2 protein chains.
Amino acid sequence: MPRAIFPAPDHDHERCTSTAIAHAEARCAARAQRLTPLRRQVLETLLASHNPLGAYEIIERMADKNGRPAPITVYRALDFLRDNGLVHRIESRNAFVACVHNHSGDDLVVFLICERCGAVGEGPGGAVAEALKASARAAGFSPKSPLIEIVGICSHCRQR
Amino acid sequence: MPRAIFPAPDHDHERCTSTAIAHAEARCAARAQRLTPLRRQVLETLLASHNPLGAYEIIERMADKNGRPAPITVYRALDFLRDNGLVHRIESRNAFVACVHNHSGDDLVVFLICERCGAVGEGPGGAVAEALKASARAAGFSPKSPLIEIVGICSHCRQR
DNA sequence: CGCTTCTTGCTGCAGTGCAACATGAAACTG
DNA sequence: CAGTTTCATGTTGCACTGCAGCAAGAAGCG
(Lines give C-alpha, C1' and ligand atoms only; values in the text may rest on other atoms or scores of the structure.)
Protein backbone atom coordinates (compact mmCIF):
# COMPACT_ATOMS: atom_id res chain seq x y z
CA MET A 1 0.00 0.00 0.00
CA PRO A 2 1.32 3.42 -0.86
CA ARG A 3 2.33 5.64 1.96
CA ALA A 4 -0.61 7.76 3.06
CA ILE A 5 -0.10 11.37 2.20
CA PHE A 6 -1.25 12.45 5.60
CA PRO A 7 0.08 10.18 8.32
CA ALA A 8 -2.70 8.91 10.50
CA PRO A 9 -2.69 10.41 13.97
CA ASP A 10 -2.02 6.99 15.43
CA HIS A 11 0.70 5.84 13.08
CA ASP A 12 3.87 4.18 14.32
CA HIS A 13 5.80 7.35 14.77
CA GLU A 14 8.77 5.69 16.40
CA ARG A 15 9.37 3.66 13.33
CA CYS A 16 8.60 6.43 10.87
CA THR A 17 11.18 8.62 12.55
CA SER A 18 13.93 6.06 12.63
CA THR A 19 13.34 5.24 8.98
CA ALA A 20 13.73 8.88 8.06
CA ILE A 21 16.90 9.23 10.08
CA ALA A 22 18.36 6.14 8.51
CA HIS A 23 17.54 7.51 5.11
CA ALA A 24 19.18 10.81 5.98
CA GLU A 25 22.32 9.04 7.09
CA ALA A 26 22.43 7.03 3.93
CA ARG A 27 21.96 10.02 1.72
CA CYS A 28 24.60 12.08 3.46
CA ALA A 29 27.05 9.23 3.35
CA ALA A 30 26.40 8.80 -0.36
CA ARG A 31 27.12 12.46 -0.95
CA ALA A 32 30.10 12.69 1.39
CA GLN A 33 28.20 15.15 3.54
CA ARG A 34 28.37 15.19 7.29
CA LEU A 35 25.21 14.71 9.27
CA THR A 36 26.63 16.22 12.42
CA PRO A 37 24.91 15.89 15.80
CA LEU A 38 23.51 19.36 15.52
CA ARG A 39 22.09 18.84 12.07
CA ARG A 40 20.67 15.54 13.14
CA GLN A 41 19.08 17.17 16.12
CA VAL A 42 17.35 19.75 13.95
CA LEU A 43 16.09 17.02 11.69
CA GLU A 44 14.85 15.00 14.63
CA THR A 45 13.02 18.00 15.98
CA LEU A 46 11.20 18.40 12.71
CA LEU A 47 10.48 14.71 12.45
CA ALA A 48 9.07 14.69 15.95
CA SER A 49 6.44 17.17 14.93
CA HIS A 50 5.26 16.07 11.50
CA ASN A 51 3.99 19.61 11.19
CA PRO A 52 5.94 22.54 9.87
CA LEU A 53 7.88 24.48 12.46
CA GLY A 54 9.24 27.99 12.33
CA ALA A 55 12.94 28.44 12.92
CA TYR A 56 12.41 29.90 16.35
CA GLU A 57 10.00 27.15 17.22
CA ILE A 58 12.77 24.71 16.43
CA ILE A 59 15.11 26.63 18.69
CA GLU A 60 12.53 26.49 21.44
CA ARG A 61 12.19 22.76 21.17
CA MET A 62 15.91 22.21 21.05
CA ALA A 63 16.49 24.17 24.22
CA ASP A 64 17.80 22.17 27.11
CA LYS A 65 20.11 22.50 30.09
CA ASN A 66 22.94 23.48 27.77
CA GLY A 67 20.99 26.49 26.60
CA ARG A 68 19.53 27.01 23.18
CA PRO A 69 21.15 27.19 19.77
CA ALA A 70 21.50 30.61 18.16
CA PRO A 71 19.16 31.35 15.25
CA ILE A 72 21.98 31.38 12.76
CA THR A 73 23.01 27.93 13.87
CA VAL A 74 19.60 26.52 13.18
CA TYR A 75 19.33 28.31 9.86
CA ARG A 76 22.62 26.88 8.78
CA ALA A 77 21.55 23.40 9.71
CA LEU A 78 18.29 23.94 7.84
CA ASP A 79 20.20 25.13 4.78
CA PHE A 80 22.26 22.00 4.90
CA LEU A 81 19.24 19.77 5.27
CA ARG A 82 17.45 21.53 2.44
CA ASP A 83 20.44 21.27 0.15
CA ASN A 84 20.37 17.57 0.73
CA GLY A 85 16.67 17.23 0.18
CA LEU A 86 15.88 16.21 3.75
CA VAL A 87 13.82 19.23 4.66
CA HIS A 88 11.40 21.44 2.77
CA ARG A 89 10.52 25.00 3.36
CA ILE A 90 6.85 25.94 3.33
CA GLU A 91 7.03 29.40 1.82
CA SER A 92 3.54 30.48 2.67
CA ARG A 93 4.23 29.86 6.33
CA ASN A 94 7.88 30.62 6.75
CA ALA A 95 8.24 27.19 8.21
CA PHE A 96 10.12 23.98 7.66
CA VAL A 97 9.07 20.38 7.51
CA ALA A 98 11.04 17.16 7.35
CA CYS A 99 10.80 15.40 4.04
CA VAL A 100 9.36 11.92 4.29
CA HIS A 101 9.86 10.91 0.70
CA ASN A 102 12.80 9.91 -1.37
CA HIS A 103 12.59 12.31 -4.22
CA SER A 104 15.72 13.28 -5.97
CA GLY A 105 16.79 16.87 -6.23
CA ASP A 106 14.47 18.65 -8.58
CA ASP A 107 11.32 16.61 -8.39
CA LEU A 108 8.15 18.59 -8.16
CA VAL A 109 6.44 18.26 -4.84
CA VAL A 110 2.97 19.43 -4.03
CA PHE A 111 2.36 20.47 -0.46
CA LEU A 112 -1.11 20.00 0.91
CA ILE A 113 -1.46 22.20 3.96
CA CYS A 114 -4.33 21.61 6.34
CA GLU A 115 -5.59 24.89 7.65
CA ARG A 116 -7.23 23.22 10.59
CA CYS A 117 -4.53 21.06 12.10
CA GLY A 118 -1.55 22.57 10.29
CA ALA A 119 -0.33 19.23 9.00
CA VAL A 120 1.46 19.19 5.70
CA GLY A 121 1.25 16.32 3.25
CA GLU A 122 3.60 15.85 0.35
CA GLY A 123 1.81 14.71 -2.75
CA PRO A 124 3.58 13.61 -5.90
CA GLY A 125 3.17 16.08 -8.71
CA GLY A 126 4.35 14.14 -11.69
CA ALA A 127 1.45 14.78 -14.04
CA VAL A 128 0.99 18.35 -12.95
CA ALA A 129 4.66 19.07 -13.33
CA GLU A 130 4.66 18.35 -17.02
CA ALA A 131 1.61 20.48 -17.69
CA LEU A 132 3.13 23.29 -15.71
CA LYS A 133 6.48 23.21 -17.39
CA ALA A 134 4.84 23.03 -20.80
CA SER A 135 2.70 26.07 -20.16
CA ALA A 136 5.63 27.98 -18.72
CA ARG A 137 7.67 27.29 -21.82
CA ALA A 138 4.77 28.41 -23.95
CA ALA A 139 5.25 31.80 -22.33
CA GLY A 140 8.90 31.80 -23.31
CA PHE A 141 9.89 31.01 -19.77
CA SER A 142 12.57 28.50 -18.83
CA PRO A 143 11.36 27.01 -15.58
CA LYS A 144 13.56 25.64 -12.85
CA SER A 145 11.86 24.53 -9.68
CA PRO A 146 8.11 24.83 -9.42
CA LEU A 147 6.70 25.37 -5.99
CA ILE A 148 3.14 24.39 -5.22
CA GLU A 149 1.33 24.82 -1.95
CA ILE A 150 -2.34 24.16 -1.50
CA VAL A 151 -4.34 25.12 1.54
CA GLY A 152 -7.39 23.13 2.50
CA ILE A 153 -8.70 20.55 4.92
CA CYS A 154 -7.02 17.20 5.36
CA SER A 155 -8.84 13.90 5.45
CA HIS A 156 -8.47 13.42 9.18
CA CYS A 157 -9.83 16.82 10.08
CA ARG A 158 -12.63 16.45 7.59
CA GLN A 159 -13.89 13.35 9.35
CA ARG A 160 -14.76 15.38 12.37
CA MET B 1 -3.51 39.15 -29.46
CA PRO B 2 -3.36 37.94 -25.90
CA ARG B 3 -1.59 40.04 -23.37
CA ALA B 4 2.05 39.04 -23.14
CA ILE B 5 2.80 37.32 -19.89
CA PHE B 6 5.92 39.32 -19.42
CA PRO B 7 5.46 42.94 -20.43
CA ALA B 8 8.10 44.02 -22.87
CA PRO B 9 10.63 46.44 -21.44
CA ASP B 10 9.43 49.11 -23.86
CA HIS B 11 5.69 48.70 -23.47
CA ASP B 12 3.37 51.66 -23.04
CA HIS B 13 3.58 51.80 -19.33
CA GLU B 14 1.61 54.99 -18.98
CA ARG B 15 -1.36 53.34 -20.52
CA CYS B 16 -0.93 50.03 -18.77
CA THR B 17 -0.94 51.80 -15.42
CA SER B 18 -4.00 53.90 -16.06
CA THR B 19 -5.90 50.87 -17.27
CA ALA B 20 -5.09 49.04 -14.10
CA ILE B 21 -6.14 51.94 -11.94
CA ALA B 22 -9.38 52.28 -13.81
CA HIS B 23 -10.02 48.62 -13.32
CA ALA B 24 -9.30 48.93 -9.62
CA GLU B 25 -11.74 51.78 -9.30
CA ALA B 26 -14.41 49.85 -11.12
CA ARG B 27 -13.94 46.79 -8.99
CA CYS B 28 -14.02 48.68 -5.73
CA ALA B 29 -17.09 50.56 -6.79
CA ALA B 30 -18.80 47.31 -7.73
CA ARG B 31 -18.05 45.90 -4.32
CA ALA B 32 -18.84 49.02 -2.36
CA GLN B 33 -15.26 49.22 -1.22
CA ARG B 34 -13.35 52.43 -0.86
CA LEU B 35 -10.22 52.94 -2.87
CA THR B 36 -8.88 55.67 -0.64
CA PRO B 37 -5.96 57.89 -1.64
CA LEU B 38 -3.59 55.89 0.48
CA ARG B 39 -4.65 52.57 -0.98
CA ARG B 40 -4.49 53.99 -4.44
CA GLN B 41 -1.02 55.27 -3.77
CA VAL B 42 0.18 51.85 -2.68
CA LEU B 43 -1.32 50.32 -5.78
CA GLU B 44 0.30 52.96 -7.98
CA THR B 45 3.64 52.30 -6.39
CA LEU B 46 3.37 48.65 -7.25
CA LEU B 47 2.15 49.37 -10.75
CA ALA B 48 5.03 51.72 -11.34
CA SER B 49 7.46 48.90 -10.75
CA HIS B 50 5.98 45.88 -12.52
CA ASN B 51 8.29 43.89 -10.29
CA PRO B 52 7.43 42.63 -6.86
CA LEU B 53 8.30 44.97 -4.02
CA GLY B 54 8.80 44.24 -0.37
CA ALA B 55 6.67 46.17 2.09
CA TYR B 56 9.55 48.34 3.19
CA GLU B 57 10.52 48.98 -0.39
CA ILE B 58 7.02 50.31 -0.92
CA ILE B 59 7.39 52.55 2.10
CA GLU B 60 10.66 53.81 0.71
CA ARG B 61 9.13 54.71 -2.60
CA MET B 62 6.14 56.36 -1.03
CA ALA B 63 8.27 58.60 1.14
CA ASP B 64 7.99 62.28 0.37
CA LYS B 65 8.06 65.63 2.10
CA ASN B 66 5.19 64.51 4.33
CA GLY B 67 7.32 61.72 5.69
CA ARG B 68 6.79 58.05 5.13
CA PRO B 69 3.86 55.80 5.96
CA ALA B 70 4.25 53.46 8.90
CA PRO B 71 4.70 49.78 8.08
CA ILE B 72 1.33 48.86 9.49
CA THR B 73 -0.33 51.41 7.26
CA VAL B 74 1.13 49.86 4.15
CA TYR B 75 0.33 46.35 5.32
CA ARG B 76 -3.26 47.31 5.85
CA ALA B 77 -3.52 48.83 2.41
CA LEU B 78 -1.94 45.69 0.98
CA ASP B 79 -4.44 43.53 2.83
CA PHE B 80 -7.23 45.55 1.35
CA LEU B 81 -5.83 45.34 -2.15
CA ARG B 82 -5.29 41.62 -1.82
CA ASP B 83 -8.79 41.04 -0.53
CA ASN B 84 -10.05 42.76 -3.64
CA GLY B 85 -7.80 40.84 -5.99
CA LEU B 86 -5.77 43.84 -7.04
CA VAL B 87 -2.48 42.71 -5.59
CA HIS B 88 -0.80 39.35 -5.16
CA ARG B 89 1.72 38.28 -2.64
CA ILE B 90 4.74 36.37 -3.86
CA GLU B 91 5.30 34.03 -0.96
CA SER B 92 8.73 32.86 -1.90
CA ARG B 93 9.97 36.43 -1.86
CA ASN B 94 7.91 38.11 0.81
CA ALA B 95 6.92 40.63 -1.78
CA PHE B 96 3.87 42.05 -3.47
CA VAL B 97 2.97 42.68 -7.06
CA ALA B 98 0.08 44.49 -8.70
CA CYS B 99 -2.30 42.19 -10.49
CA VAL B 100 -2.66 42.98 -14.17
CA HIS B 101 -5.38 40.51 -14.94
CA ASN B 102 -9.07 40.35 -14.32
CA HIS B 103 -9.41 37.06 -12.60
CA SER B 104 -12.18 36.61 -10.16
CA GLY B 105 -11.51 35.69 -6.59
CA ASP B 106 -10.39 32.11 -6.46
CA ASP B 107 -8.88 31.60 -9.87
CA LEU B 108 -5.62 29.79 -9.92
CA VAL B 109 -2.74 31.94 -10.97
CA VAL B 110 0.71 30.72 -11.83
CA PHE B 111 3.53 33.10 -11.10
CA LEU B 112 6.57 32.91 -13.29
CA ILE B 113 9.43 34.57 -11.47
CA CYS B 114 12.53 35.55 -13.40
CA GLU B 115 15.56 35.00 -11.27
CA ARG B 116 17.63 37.32 -13.40
CA CYS B 117 15.54 40.48 -13.65
CA GLY B 118 13.09 39.73 -10.86
CA ALA B 119 10.06 40.30 -13.06
CA VAL B 120 6.96 38.31 -12.31
CA GLY B 121 4.54 37.13 -14.96
CA GLU B 122 1.08 35.86 -14.23
CA GLY B 123 0.17 32.90 -16.34
CA PRO B 124 -3.26 31.37 -16.47
CA GLY B 125 -3.40 28.03 -14.74
CA GLY B 126 -6.71 26.67 -15.90
CA ALA B 127 -5.64 23.25 -17.08
CA VAL B 128 -3.14 22.78 -14.31
CA ALA B 129 -5.63 23.83 -11.70
CA GLU B 130 -7.99 21.01 -12.50
CA ALA B 131 -5.26 18.41 -12.44
CA LEU B 132 -4.05 19.76 -9.14
CA LYS B 133 -7.40 19.84 -7.48
CA ALA B 134 -8.19 16.37 -8.72
CA SER B 135 -5.00 14.92 -7.31
CA ALA B 136 -5.52 16.72 -4.03
CA ARG B 137 -8.97 15.27 -3.69
CA ALA B 138 -7.61 11.85 -4.46
CA ALA B 139 -5.60 12.24 -1.28
CA GLY B 140 -8.76 13.00 0.65
CA PHE B 141 -7.87 16.65 0.74
CA SER B 142 -10.37 19.45 0.15
CA PRO B 143 -8.36 22.13 -1.57
CA LYS B 144 -9.03 25.83 -1.43
CA SER B 145 -6.59 28.11 -3.16
CA PRO B 146 -3.60 26.60 -4.86
CA LEU B 147 -0.50 28.70 -4.96
CA ILE B 148 2.07 28.15 -7.67
CA GLU B 149 5.36 29.96 -8.09
CA ILE B 150 7.94 28.98 -10.62
CA VAL B 151 11.45 30.34 -10.72
CA GLY B 152 13.30 30.49 -14.01
CA ILE B 153 14.44 32.83 -16.75
CA CYS B 154 12.02 35.05 -18.61
CA SER B 155 11.96 35.47 -22.36
CA HIS B 156 13.51 38.93 -22.35
CA CYS B 157 16.45 37.94 -20.20
CA ARG B 158 16.96 34.77 -22.17
CA GLN B 159 17.48 36.75 -25.36
CA ARG B 160 20.59 38.28 -23.94
C1' DC C 1 52.43 17.36 12.30
C1' DG C 2 50.87 21.22 9.67
C1' DC C 3 47.55 22.59 6.32
C1' DT C 4 43.07 23.04 4.47
C1' DT C 5 38.29 22.69 4.85
C1' DC C 6 34.15 22.35 7.17
C1' DT C 7 31.36 23.32 11.23
C1' DT C 8 29.93 25.87 15.04
C1' DG C 9 29.62 30.00 18.05
C1' DC C 10 29.03 34.95 18.68
C1' DT C 11 27.59 39.72 17.84
C1' DG C 12 24.84 42.45 15.52
C1' DC C 13 21.46 44.04 12.38
C1' DA C 14 18.01 44.67 8.62
C1' DG C 15 13.56 43.21 7.04
C1' DT C 16 8.84 41.29 8.03
C1' DG C 17 4.50 41.47 10.11
C1' DC C 18 1.16 42.54 13.29
C1' DA C 19 -1.38 43.54 18.09
C1' DA C 20 -3.53 47.02 20.72
C1' DC C 21 -5.13 51.26 21.29
C1' DA C 22 -6.43 56.16 19.88
C1' DT C 23 -8.09 59.34 16.60
C1' DG C 24 -10.52 60.86 12.55
C1' DA C 25 -13.62 60.53 8.63
C1' DA C 26 -17.69 58.74 6.36
C1' DA C 27 -22.15 56.60 6.16
C1' DC C 28 -26.50 55.63 8.28
C1' DT C 29 -30.59 56.64 11.00
C1' DG C 30 -34.21 58.47 13.41
C1' DC D 1 -28.78 67.50 11.84
C1' DA D 2 -27.08 65.37 16.06
C1' DG D 3 -26.00 60.77 17.44
C1' DT D 4 -24.42 56.30 16.37
C1' DT D 5 -22.00 52.99 13.95
C1' DT D 6 -18.61 51.67 10.89
C1' DC D 7 -14.51 52.04 8.58
C1' DA D 8 -9.76 54.14 7.77
C1' DT D 9 -5.64 55.97 9.45
C1' DG D 10 -2.06 57.04 12.93
C1' DT D 11 1.06 55.65 16.93
C1' DT D 12 3.59 52.79 19.80
C1' DG D 13 5.66 48.81 20.50
C1' DC D 14 7.13 44.31 19.80
C1' DA D 15 7.88 39.45 18.12
C1' DC D 16 9.55 36.77 14.36
C1' DT D 17 12.54 35.95 10.23
C1' DG D 18 16.91 35.65 8.18
C1' DC D 19 21.47 36.48 7.51
C1' DA D 20 26.43 39.00 7.28
C1' DG D 21 30.90 38.95 9.16
C1' DC D 22 34.20 37.43 12.03
C1' DA D 23 36.45 34.07 15.44
C1' DA D 24 37.28 29.65 17.29
C1' DG D 25 37.20 24.48 16.97
C1' DA D 26 36.92 19.98 14.82
C1' DA D 27 37.79 16.81 11.01
C1' DG D 28 40.17 15.14 7.10
C1' DC D 29 44.57 14.79 4.35
C1' DG D 30 49.30 14.59 2.65
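Given the structure is predicted, the values throughout are model-derived calculations rather than measurements. Lettering follows sequence order; numbering is per chain, from 1. Heavy atoms only: backbone and side chains are in, while hydrogens, waters and symmetry mates are out.
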Contacts of A:R82 and B:Q33 projected onto DNA chain D by closest heavy atom; the upstream (5') one is B:Q33

Which of C:dT7, C:dG9, D:dT11 is nearest the side chain of B:T73? It is D:dT11

Comparing nearest nucleotides in DNA chain D, the 5'-proximal residue of the pair A:R34, A:P71 is A:P71

Of the candidates C:dT8, D:dT9, D:dG18, the side chain of B:R39 sits closest to D:dT9

May I ask you to test the B:I90-B:I113 pair for a side-chain heavy-atom distance under 4.5 Å?
yes

Under 30°, 30 to 60°, or over 60°: which ring-plane class applies to A:F6 and B:F141, parallel, tilted or perpendicular? parallel

Rounded to whole Å, the CD-P distance (B:Q41 to D:dT9) equals 11 Å

- Could you tell me whether A:R76 contacts a base, only the sugar-phosphate backbone, or nothing, with contacts defined as non-hydrogen atoms closer than 4.0 Å? base

Rounded to whole Å, CD of A:E91 lies from P of C:dG17 at a distance of 12 Å

Between CD of B:E57 and P of C:dA14 the distance, given in whole Å, is 16 Å

To the nearest angstrom, the OH-P distance between A:Y75 and D:dG21 comes to 18 Å

Between CG of B:N94 and P of D:dC19 the distance, given in whole Å, is 10 Å

Ranking C:dT7, C:dC18, C:dG17 by distance to the side chain of B:I72, first place goes to C:dC18

Q) Would A:F96 and A:H88 count as a close aromatic pair, with their ring centres under 6.0 Å? A) no

Within the structure shown, what part of the strands sits under 4.0 Å from B:R89 by heavy-atom distance: base, sugar-phosphate, or nothing?
sugar-phosphate

From OH of B:Y56 across to C1' of C:dG17 the rounded distance in Å is 7 Å

To the nearest angstrom, the CZ-P distance between B:R68 and D:dT11 comes to 14 Å

CZ (B:R89) and CZ (B:R93) are apart, to the nearest 0.5 Å, by 13.0 Å

- Task: Indicate whether the side chain of B:E91 and that of A:S92 have a donor and an acceptor atom separated by less than 3.5 Å.
- Result: no

Between CG of B:L38 and P of C:dA26 the distance, given in whole Å, is 14 Å

